[in-house]
Participant: 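One structure coming up, written as structure tokens, with questions to follow.
Residue numbers start from 1 in every chain, and the chains themselves are labelled A, B, ... in the order their sequence lines are given, proteins ahead of strands. We use all heavy atoms of the structure for the numbers below, so side chains are in, but hydrogens, waters and symmetry mates are not.
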Amino acid sequence: MNLPDSNILPAPLWLITSLHVITLSLHFVAMNFVLGGILIVLAGRFDRGWDNLAVRRFVALFSSATAATVTLGVAPLLFLQLVYPLQMYPASIVSAWFFLLVIPAVIMVYYLLYAASFAAKAGAPARGRYLWPALLGLLYVSLVYSSVFSMAEHPDLIRRLYAQGQEGFRWNPAVGDYAFRWLHMVLGALTVGGFFAGILGMEDTAVFSAGKKVFAYGMAAASVAGLAYLLSLGESLSALMRTPAIWGLTAGIVLSLGSLHLYFKRRFFFAGTALFASLLLMVITRHELRLLRLQGSFDPVSWRVAPQWAAFLIFLVSFAVAVLFVVYMLRLFFCNFRVRP
Amino acid sequence: MAYPFWDLQIGYGILLAVVAVLHVFISHFAIGGGLFLVVNEGAARKARDADRLAFLQRLSKLFALVTLVAGALTGVGIWFCIGLLAPAAVSVLIHNFVWMWAVEWTLFVVEITAAILYFYGWKHMAPADHMKIGWTYFWAAWLSLFVVNGIITFMLTPGAWLATGRLWDGFFNPTFWPSLVLRSSVCVMLAGLYALVVASRLNPGGSKARLVRQTAWWGICGLATALPSLYWYWKTIPPAVTAAALQGLPTPVTALHYSYWFAGIIAVLLVLFGLIAPGRLQMPVAAALLAAGLGWFGSFEWFRESVRKPYIIVDYMYGNGLEVADTESYRKEGYLSHIAYRSGNDGADLFRHACRSCHTTGGYKALKPAFDGTDRAFIAAIIKGAHLLKGNMPPFLGTASEADAIAAHIETGLDHRPMSSIYGLQGVELGQKVFQIRCGKCHPMGGRGDKTKSLAGLTREDHGNLLDSAAELGVGMPAFTGDQTEREALIEYFMTLKAGGGK
């Protein structure tokens, strides 16, 4: 019986990769807001409890930003699984329990952030009671993702770990491979959190000043971690230097610095655009690195492409309609916003 | 076999059922609840009914906290689970339906945004604007059901897709519409059941009785529509699938029977505490209704998952992840050469990929009780004839030596004493046990393959001859390899069989 072949890509590789890169960058923006925001609210020297402007606004937005983080995280993982199932599933299976625990961890974080926002409204003290466990939950999730996604680039390592045990308790032992990557991501989140702190508290000089400091120092620290990560790549670094991705990385660094400059000048829209572009370029660089590391074991170009253009068109239309509806609803909400008894 | 196998000590079915049933129970409420809120808000505003508005506002808090967090994340949880438990199947689904999932994602973005704004908008928005957001939420949520319904139903009834490979043939498959109507009805029913939990906490007197009665109608209408649509759904499943299920599978039939009981409980409680004495609805009754709703919907999902056995995607992929299209290559080359991730123990690897999706040796759906007291040759014969066993098992497509390796792996954990010692039985009772273990796997009494009629009335000598030549009686029949005590006990048992069937 000639059954349909499901080993196909339903769109050209470049299109799927582009969608993966764009949606992953959007996911990072929301995730950085939550993770960086929590770090700033906890570690920032805000001495007015919940009443501090930045704290109040961050806490009010955390639960919605978590919803955005989860929702925006679905699409890039979907596109990743589409092109790299033979890498992604094995890596998550050998670490299955750690990977699966991401779900209860995020549920816990989500409820803690809701609890924090209700507590803030009620004027209850001790914001750390909610935010410290939420921070730990998010750090766990990010560490698992760094570990699993790094492992996915090393099929031989997955085979070795699987031979050692099949119960899903294998943690990626190549810590050097992802520790700096993870640190760079956390410090990057802090940087973006600093950016948002300044925006949320732009009318308060002290808060804006704190936001500037976190943005600047966070960026410096993230750069050091990023450099350490690049140096830890070994042979992959020299290979990466020979691809156009290195120009993307350089442009990303320049755009980050440009964003900082514009932010200091309070030109927030351009600063935000530059920061997002820089994030996008970092994601592209990371994607190129994945391809380099998989060289010899897998080439995504080998997929047979059988486009489903009608379905893709429906997706495009629904995406455009979704954006319009979101804008429309936000306008309804904010333009006629009124405090009612 | 391109993926490693997660050797989960609890059953695959248990883990997936817990996450999936929880998710569908919340996600269907997320759709019906959205409709309930906005329809009732409209009616309440028109009637200037402040009590009803206050009730809806309380409900919307439960709604937001349950659906936005647990609902959304258990949905991601299912995705994670199936990726870990059945990566080959989920890969097939993603490669065929990625754009439909992407469409669902855009709807999800609208849904989440609308849910948040609706929840926070009660006090801050003009009523008309608030309701616009409520309607936007409902339609986005229902359309996401529309999209996912096409993918879920595809797994049971891929229909013309099997021949054409066209996306739309797979999406708008034979059970698409009845399933959509059924699930939409369930959404309405669950909206009523969840809302009754909030209504049960209203102060007695006042408007409680009125609000409970209005809410109960949602449950009754949803249930009344769900039952005929369930029948429609059943009728659109290909007869070959339903016939196989009725003949060889107790699970989906049992699940359907449970669903009747739960539906009955829901109907009785709704009529009693929703219509006849609505003022007396208290939290325990509302919780019981919700639990019965979970039971009813869980039974349906259990039915849907089990009725497609031995497949995970009917006629395309078996429950253990093997593609039907690769049957010939497995027959020629065996399984081992296809297993990409090896543990170093071939028997264990073969067991994982051939059997472990459903069975463990000593835990969930354990094989130990099924094989205690038997031997490797018998187990290997049973494996080779797996497709003949009760329960609609996938066929074993590997080589004879691979079946033997699996048998050796299973045998290591077995009790090797004679059955008379293991079970402490003698005579006819022992014979009945021997029959269950050695014969009943393919010839259950009253089920498919029942041979009672042909055994009844034969002499001891005839029975002895049958046992001696068992391996030659039909394809897949194992030789009788029990000891002399078991042989005599089995013949003793055969002698008690009557021509009309049974003992």
Participant: If you count the non-hydrogen atoms of other residues, nucleotides and ligands that lie under 6.0 Å from CH2 in W101(B), is the total more than 12?
Facilitator: yes
Participant: As an exercise, state the distance from OH of Y89(A) to CG of L85(B), rounded to the nearest 0.5 Å.
Facilitator: 12.0 Å
Participant: Looking at P10(A), is its backbone amide N or carbonyl O close enough to the side chain of W99(B) to form a donor-acceptor pair, meaning the two atoms are under 3.5 Å apart?
Facilitator: yes
Participant: In Å, rounded to the nearest 0.5 Å, how long is the span from NE2 of H124(B) to CZ of F334(A)?
Facilitator: 10.0 Å
Participant: How close do I93(A) and P4(B) get, heavy atom to heavy atom, and via which atoms?
Facilitator: CD1-O, 3.4 Å
Participant: Take atom CZ of F319(A) as the centre, draw a 6.0 Å sphere, and report whether it contains more than 12 heavy atoms from other residues, nucleotides or ligands.
Facilitator: no
Participant: Which answer fits W79(B), side chain, backbone, both or neither, if we ask what part of it has an atom under 4.5 Å from a heavy atom of chain A?
Facilitator: side chain
Participant: Minimum heavy-atom separation for I158(A) to Y341(B), with atom names?
Facilitator: CG2-CE2, 3.7 Å
Participant: Taking W6(B) for the side chain and E167(A) for the main chain, is one N or O donor matched with an acceptor at less than 3.5 Å?
Facilitator: yes
Participant: Looking at chain A, which one of L107(B), L8(B), V109(B), V98(B) has the largest number of heavy-atom pairs inside 4.5 Å, strictly under?
Facilitator: V98(B)
Participant: For the CZ atom on R342(B), are there more than 12 heavy atoms of other groups (residues, nucleotides or ligands in this structure) within a distance under 6.0 Å?
Facilitator: yes
Participant: For the residue pair L84(B) and F99(A), what are the closest heavy atoms and their distance?
Facilitator: CD2-CD2, 4.2 Å
Participant: Give a yes or no answer on whether the side chain of Y110(A) reaches the backbone of L65(B) with a donor-acceptor pair at less than 3.5 Å.
Facilitator: no
Participant: Do you know which of V317(A), V94(A), L77(A) has the most heavy-atom pairs with chain B at a distance under 4.5 angstrom?
Facilitator: L77(A)
Participant: Do you know which of L117(B), N345(B), D129(B), I94(B) has the most heavy-atom pairs under 4.5 Å to chain A?
Facilitator: L117(B)
Participant: Regarding T136(B) and Y328(A), is there a side-chain donor-to-acceptor distance under 3.5 Å anywhere?
Facilitator: no
Participant: Quick one: closest heavy-atom pair of S91(B) and P85(A), and the distance?
Facilitator: OG-CB, 3.8 Å
Participant: Who among L93(B), V90(B), D349(B), V19(B) has the most heavy-atom pairs with chain A under 4.5 Å?
Facilitator: V90(B)
Participant: Between the side chains of W168(B) and Q308(A), does any donor sit under 3.5 Å from an acceptor?
Facilitator: no
Participant: Please round to the nearest 0.5 Å and tell me the distance separating atom CD of Q87(A) and atom OH of Y3(B).
Facilitator: 9.0 Å
Participant: Considering only heavy atoms and a distance below 4.5 Å, find which of F97(B), F171(B), W161(B) pairs most often with chain A.
Facilitator: W161(B)
Participant: By a 4.5 Å heavy-atom criterion (distance strictly below it), what part of L330(A) contacts chain B: side chain, backbone, both, or neither?
Facilitator: both
Participant: Looking only at atom types and distance, does a side-chain atom of R352(B) sit under 3.5 Å from a main-chain N or O of Q166(A), one as donor and one as acceptor?
Facilitator: no
Participant: Answer with side chain, backbone, both or neither: which region of V321(A) has an atom nearer than 4.5 Å to a non-hydrogen atom of chain B?
Facilitator: neither
Participant: Mind ranking E323(B), K132(B), E328(B) by heavy-atom pairs under 4.5 Å with chain A and telling me who comes out on top?
Facilitator: K132(B)
Participant: Check each atom of A2(B) against the heavy atoms of chain A and say whether the ones under 4.5 Å are side chain, backbone, both or neither.
Facilitator: both
Participant: Counting only heavy atoms not in W309(A), do more than 12 sit closer than 6.0 Å to its CH2 atom?
Facilitator: yes
Participant: Side chain from CB out, backbone as N, CA, C, O: work out which of these in V70(A) comes under 4.5 Å of a heavy atom of chain B, or both, or neither.
Facilitator: side chain
Participant: Work out which heavy atom in S63(A) is nearest to a heavy atom in Y120(B); give both atom names and the distance.
Facilitator: OG-OH, 3.8 Å
Participant: Give me the atom names and distance for the closest heavy-atom approach of Y316(B) to S6(A).
Facilitator: OH-OG, 2.9 Å
Participant: Which bit of A348(B) comes within less than 4.5 Å of chain A, counting heavy atoms only: side chain, backbone, both or neither?
Facilitator: neither
Participant: Please check this pair: side chain of Y162(A) against backbone of F5(B), looking for a donor-acceptor N/O pair closer than 3.5 Å.
Facilitator: yes
Participant: If you apply the rule side-chain contact (heavy atoms from CB on, under 4.5 Å), what do you find for T74(B) with I103(A), and how did you get there?
Facilitator: CA-CA 7 Å; T74(B) 49; I103(A) 300 297; 5.7 Å; no
Participant: Hey, is the main chain of T71(A) close enough, under 3.5 Å, to the side chain of W105(B) for a donor-acceptor pair?
Facilitator: yes
Participant: Would you confirm whether H95(B), through its side chain, and L9(A), through its main-chain N or O, come within 3.5 Å as a donor-acceptor pair?
Facilitator: no
Participant: Just give me the residue among V76(B), V69(B), V103(B) that pairs up with chain A most often, heavy atom to heavy atom, under 4.5 Å.
Facilitator: V69(B)
Participant: With only heavy atoms counted, which part of L73(B) is less than 4.5 Å from chain A, the side chain, the backbone, both or neither?
Facilitator: both
Participant: Non-hydrogen atoms of chain B under 4.5 Å away: do they reach the side chain of F312(A), the backbone, both or neither?
Facilitator: both
